[in-house]
Number of protein chains: 2
Amino acid sequence: MNIENAQVQMRKGILEFCILHIISRGEVYASDMLEELTSARIMVVEGTLYPLLTRLKNAGLLDYKWVESTSGPPRKYYLLTETGQASLKGMNDTWQELSDSVNSIVSKTDKHKAAINGLTTVESPAPAAETSPDTPSGEN
Amino acid sequence: MNIENAQVQMRKGILEFCILHIISRGEVYASDMLEELTSARIMVVEGTLYPLLTRLKNAGLLDYKWVESTSGPPRKYYLLTETGQASLKGMNDTWQELSDSVNSIVSKTDKHKAAINGLTTVESPAPAAETSPDTPSGEN
DNA sequence: CAAAGGTACTATGCAATGCAAGGTACTTTA
DNA sequence: TAAAGTACCTTGCATTGCATAGTACCTTTG
């Protein structure tokens, strides 16, 4: 997949985790969540956030209350339910383990490159590998 | 989503990234990739890995060659194409930025909890929030 | 030599989430 | 009163990881 698509795919599961974190700090409405995601360089828009909030509400992880605004329509302020807090605890572990796993693989590659280059950190292109024609069975 | 599903969702995009890293170190076949994923605590099975390898091959990121085995059927040894190497470079940045984003959000929450608890690091349960009845419009 | 076991690989439909695009509704301003 | 700003909603689609069932080759055993 191309880089943009890779970014989309890598956000799956992550966005919910981030949202639960943001809401866990106290009641907050959608626009504030978007601001914080943007400042953390996770670029999402309302069309992504509202369906996610609805899904989390329906799954029992969130509750909300309407609050009148002094400058526009009323707003939904969200907070975590106890289910949501429990879910967030679990996802903390999930994220930590996944992140450790990925970083251990990445650092093995970096060490491998360092070893090949005699401890220099300059990356040199690997020699192009020859592709032999398929043998036992045809192209899949 | 529950924790197991969260793990599945969080792997989207990540698995390809890990596979590209593993293959970037030199030609390798599927069973070795599975071993390394397992040792990094990313538990996948053949039914997940082979379709991914096929997809990456079809996308031009990988090549393979058949190699006779001394103890079973022939094996496909995979290596990255130049496209695959370029893709991996891009995904390094994608992963790094996403990881930094998530960790910044997570650490903001931790600081918030520490502030609430008067700089102790012991987590205490947040008081359950009251949910008011819906007001301007019905339940979504 | 045939059957069984081990190993390697293939194919495919499904579940689930993030996304894009179009939309409604309330409040404020001109 | 209409336009602009703000807040929220809906829905179909793209994509990947997964589970399951399957094929095929090689080695070992009977």
Side-chain angles (χ1 to χ4, degrees), chain A residues 1-19 28-35 37 42-59 64 66-78 91 98 134-140, chain B residues 1-20 28-35 37 42-59 61 64 66-78 91 98 134-140:
Chain A
M1 51 177 145
N2 62 29
I3 294 305
E4 278 162 14
N5 185 46
Q7 288 169 340
V8 169
Q9 294 306 322
M10 283 186 177
R11 279 189 210 124
K12 288 184 189 290
I14 296 293
L15 205 50
E16 170 175 338
F17 179 50
C18 292
I19 290 301
V28 59
Y29 83 122
S31 188
D32 288 337
M33 299 179 206
L34 283 173
E35 276 185 39
L37 290 169
I42 297 178
M43 313 301 188
V44 301
V45 295
E46 292 93 341
T48 300
L49 184 55
Y50 286 110
L52 173 55
L53 291 174
T54 302
R55 194 176 351 117
L56 295 177
K57 168 70 169 81
N58 291 342
Y64 63 80
W66 284 101
V67 172
E68 298 294 324
S69 165
T70 54
S71 63
R75 301 168 175 171
K76 274 179 174 173
Y77 276 85
Y78 287 89
M91 293 183 83
L98 181 72
D134 295 324
T135 41
S137 60
E139 184 100 44
N140 289 327
Chain B
M1 52 177 144
N2 61 31
I3 294 304
E4 279 163 11
N5 184 49
Q7 289 170 338
V8 170
Q9 295 307 322
M10 283 186 178
R11 278 189 211 124
K12 287 187 190 288
I14 296 292
L15 206 49
E16 169 175 337
F17 179 50
C18 292
I19 291 301
L20 291 180
V28 58
Y29 85 120
S31 186
D32 288 337
M33 299 179 205
L34 283 173
E35 277 185 39
L37 289 170
I42 298 178
M43 314 299 186
V44 301
V45 295
E46 292 92 341
T48 301
L49 182 56
Y50 284 110
L52 173 54
L53 291 173
T54 302
R55 194 176 349 115
L56 295 177
K57 167 71 168 82
N58 290 341
L61 274 57
Y64 63 79
W66 284 101
V67 172
E68 299 293 325
S69 165
T70 54
S71 61
R75 302 167 173 172
K76 274 180 174 173
Y77 276 84
Y78 288 88
M91 292 184 83
L98 181 72
D134 295 324
T135 41
S137 59
E139 187 101 46
N140 288 327

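Model, not experiment: these values are computed from the prediction. All chains are named by letter (A, B, ...) in the order of the sequence lines, taking the proteins before the strands, and each is independently numbered beginning at 1.
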5′-ward residue of the pair B:Gly72/A:Thr48 relative to DNA chain C | B:Gly72
Heavy-atom side-chain contact between A:Ile14 and A:Met10 under 4.5 Å = no
Run the side chain to side chain contact (heavy atoms under 4.5 Å, CB included) check on B:Glu35 and B:Asp32 step by step: do they pass?
-> CA-CA 5 Å; B:Glu35 277 185 39; B:Asp32 288 337; 4.2 Å; yes
Distance, rounded to the nearest Å, where B:Tyr78 contributes OH and C:dA8 contributes P | 13 Å
Could you give the CG-to-P distance, from B:Leu15 to D:dT15, as a whole number of Å?
-> 18 Å
OP1 or OP2 of C:dA8 less than 4.0 angstrom from a side-chain nitrogen or oxygen of B:Tyr50, does that happen here?
-> no
Would you indicate what A:Leu52 reaches in the nucleic acid, counting non-hydrogen atoms under 4.0 angstrom: base, sugar-phosphate, or nothing?
-> sugar-phosphate
May I have the distance from B:Glu46 (atom CD) to D:dT20 (atom P), rounded to whole angstrom?
-> 14 Å
D:dT15 phosphate, OP1 or OP2, under 4.0 Å from B:Arg55 side-chain N/O = no
Hey, is the side chain of A:Arg75 poking within less than 4.0 Å of OP1 or OP2 on D:dA7, counting only N and O atoms?
-> yes
Rounded to whole angstroms, how far apart are CG on A:Leu53 and P on C:dG18?
-> 11 Å
Rounded interatomic separation in angstrom, taking NZ from A:Lys12 and P from D:dC13 | 15 Å
Closest to the B:Val8 side chain: C:dT7, D:dC18, C:dC9?
-> D:dC18
Out of D:dT11, C:dG18, C:dC9, whichever nucleotide has its closest atom nearest the side chain of A:Pro51 | D:dT11
Any A:Asn5 side-chain nitrogen or oxygen under 4.0 Å from OP1 or OP2 of C:dG18 | no
To the nearest angstrom, the CD-C1' distance between A:Gln7 and D:dT16 comes to 16 Å
Who passes ring-ring contact (aromatic ring centres under 6.0 Å, His included) against A:Tyr29, sequence neighbours left out?
-> A:Tyr77
Which nucleotide in the list D:dA7, C:dT17, D:dT15 gets nearest to the side chain of A:Pro73?
-> D:dA7
Would you mind telling me which of C:dC9, D:dC8, D:dG17 lies closest to the side-chain atoms of A:Tyr29?
-> D:dC8
Given atom CD1 of A:Ile14 and atom P of C:dG18, what is their separation to the nearest angstrom?
-> 9 Å
Please tell me which of the listed nucleotides, C:dA8, D:dT16, D:dC8, lies nearest to the side chain of A:Lys76?
-> D:dC8
Are any of the side-chain heavy atoms of B:Leu53 and B:Met33 separated by less than 4.5 Å?
-> yes
Name the residue closer to the 5' end of DNA chain D, choosing between A:Gly47 and A:Ser69 according to the nucleotide with the nearest heavy atom.
-> A:Ser69
Set of residues satisfying side chain to side chain contact (heavy atoms under 4.5 Å, CB included) with respect to A:Leu34, sequence neighbours excluded | A:Val44, A:Glu46, A:Leu49
Whole-Å gap separating P (D:dA19) and CE (B:Met43) = 13 Å
